[in-house]
Structures are given as structure tokens and as C-alpha cells.
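Have a look at the structure below, then the notes.
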Amino acid sequence: MQSFKYHLVLASGSPRRKELLAGLDIPFEVRVIPNVQENYPSQLPAVEVPEYIAVEKAEAYRNAIGDKELVLTADTVVVCEGQVLGKPKSAEQAADMLRLLSGKTHLVVTGVCLTTKNRQRHYSVKTEVTFKSLTEEEISYYITHYHPFDKAGAYGIQEWIGYIGCTGLKGSYYNVMGLPVQSIYKELQNFQKE
């Protein structure tokens, strides 16, 4: 996309999201409003949680969007056996999450919301990821050396655990990293046409 008619704003402090969005070669700035709530109704189906949160995040920016700005918000969760796995708060919680994922196929779901002053588009992207059976030693090694406390489901597919543990992936690899850039590029092109 040679020139994008909007000033793109990434509403995320995630270094991975920043790196992935930069790969589209569209200029953008990072703008983070601190302490934006990430709550959702308890009865909401697990696969709908990230899209709900992405829209909620966008609402926090609604009054600060300039006429020519487009704000991108996103949220990623891991869903395994109906459970939503966000970011672990401790090594014990990370180990429990990895034990749950061990030897199973799970979903990584990213909710994306693109918002301008006059328009909003939101959707979810799902990727199936299969892990081999992980040993306690592998789980402990990964947590000790990679500290996955800022990652949904307690893992980064691009790190050691992905190298040794991921036996299958169906869908967007970049979605598992936290931002489905291919679909975002397509949606940005749609905004460009209007």
C-alpha cells in the first residue's frame, strides 16, 4: 500500500504487535491509554472474548480519534477445552496452562477492531495449534528461561517451546504471535477504498 489515507494508530504496548504491524510497511504510531479494562461477561463464549475486548479497548480511544486517524485495537486469547487462557500471573499458573495444552490441539483467537471517527469494523481470526506431549522438564525449562508472563496461554510460538512443542498449525502463524496481519492488511485496503 503506497500511501494510506489514514494516520494509523496501534493501541497496544506489545512489542510483538508493533513488530508485526511494521512488517506491512504502513507508517503508524503507538498510542497507549493506560489501565484500559479488559473485562468481559462471564457467560460470553470463549471464542468471542477477544473480539469483545478489542471493541471495548477501541471505545476507550473513541473520543481521542482525530478526523484522519484509524485506531487498531486487538486482543489474543488461547482457548483449550472451553477455557480462556490469558496471560499467566505466576510460574505456577504458566505451568498449569502448558500442562493443559500438552498433547492437545487448541485455538488461538485474536479479536481485531479498526475504528475511525465514522466507522468501525471488528472480527476474529482463529488458528488451530497442536502441541506434542510436553514433559515437566520442558515446561520448567521454558518458564525459567523465557518468562512467558506477557503471553496468552503462557507461550510464544516463535520461542523455544514452539520450536520443540508445536507439531501442527492450521491458519495464520502471525495470529498465534498476536496479530493476524494478512487480514488486517485486507481490511485496511477496504478502508482505503471508501
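Aromatic rings of Phe4 and Phe28 (six-membered ring for Trp) have centroids beyond the 6.0 Å cut-off, not under it.
Residues Glu51 and Ser124 approach most closely at OE1-OG, 2.8 Å, considering heavy atoms. When all heavy atoms of Arg17 and Thr76 are compared, the closest pair comes out as NH2-OG1, 3.0 Å.
Clustering ILVMFWY residues whenever any of their side-chain heavy atoms sit less than 4.5 angstrom apart, transitively, puts Tyr155 in the very cluster that holds Leu20. In terms of hydrophobic clustering, with Ile, Leu, Val, Met, Phe, Trp and Tyr side chains grouped at heavy-atom distances under 4.5 Å, Tyr123 and Ile53 are assigned to different clusters.
Lys18 and Glu29 are not joined by a salt bridge, as no carboxylate oxygen comes within less than 4.0 angstrom of a charged side-chain nitrogen. The pair Arg62-Glu59 meets the salt-bridge criterion, since a charged nitrogen lies less than 4.0 angstrom from a carboxylate oxygen.
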Requested in this report: Given side chain to side chain donor-acceptor pair (under 3.5 Å), test Gln120 with Thr115 step by step and report yes or no.
Outcome: CA-CA 4 Å; Gln120 187 174 74; Thr115 308; 3.0 Å; yes
With a cut-off of 3.5 Å and sequence neighbours excluded, list every side-chain donor-acceptor pair involving residues 172-182.
unit_1: Ser172; atom_1: OG; unit_2: Tyr174; atom_2: N; d: 3.3
unit_1: Ser172; atom_1: OG; unit_2: Asn175; atom_2: N; d: 3.0
unit_1: Asn175; atom_1: OD1; unit_2: Thr110; atom_2: OG1; d: 2.6
unit_1: Asn175; atom_1: ND2; unit_2: Val108; atom_2: O; d: 3.2
unit_1: Asn175; atom_1: ND2; unit_2: Val125; atom_2: O; d: 3.2
unit_1: Asn175; atom_1: ND2; unit_2: Thr127; atom_2: OG1; d: 3.0

Cut-off 3.5 Å, no hydrogens considered: what does the side-chain donor-acceptor table look like for residues 38-46, sequence neighbours left out?
unit_1: Asn39; atom_1: ND2; unit_2: Gln37; atom_2: OE1; d: 3.2

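Residue pairs meeting the side-chain hydrogen bond (donor to acceptor under 3.5 Å, both in side chains) criterion with at least one member in residues 64-73, sequence neighbours excluded, are Arg31-Glu69. Within the structure, salt bridge (Lys or Arg N to Asp or Glu O under 4.0 Å) pairs that include any residue of residues 152-177 comprise Lys151-Glu159 (at least two apart or interchain). Within the structure, salt bridge (Lys or Arg N to Asp or Glu O under 4.0 Å) contacts touching residues 174-186 (residues at least two apart or in different chains) do not occur.
Judged as a ring pair (Phe, Tyr, Trp, His ring centres under 6.0 Å), and not counting sequence neighbours, the contacts of Tyr146 are Tyr142.
Atoms OG1 and CZ, from Thr116 and Arg121 in turn, are 13.5 Å apart once rounded to the nearest 0.5 Å.
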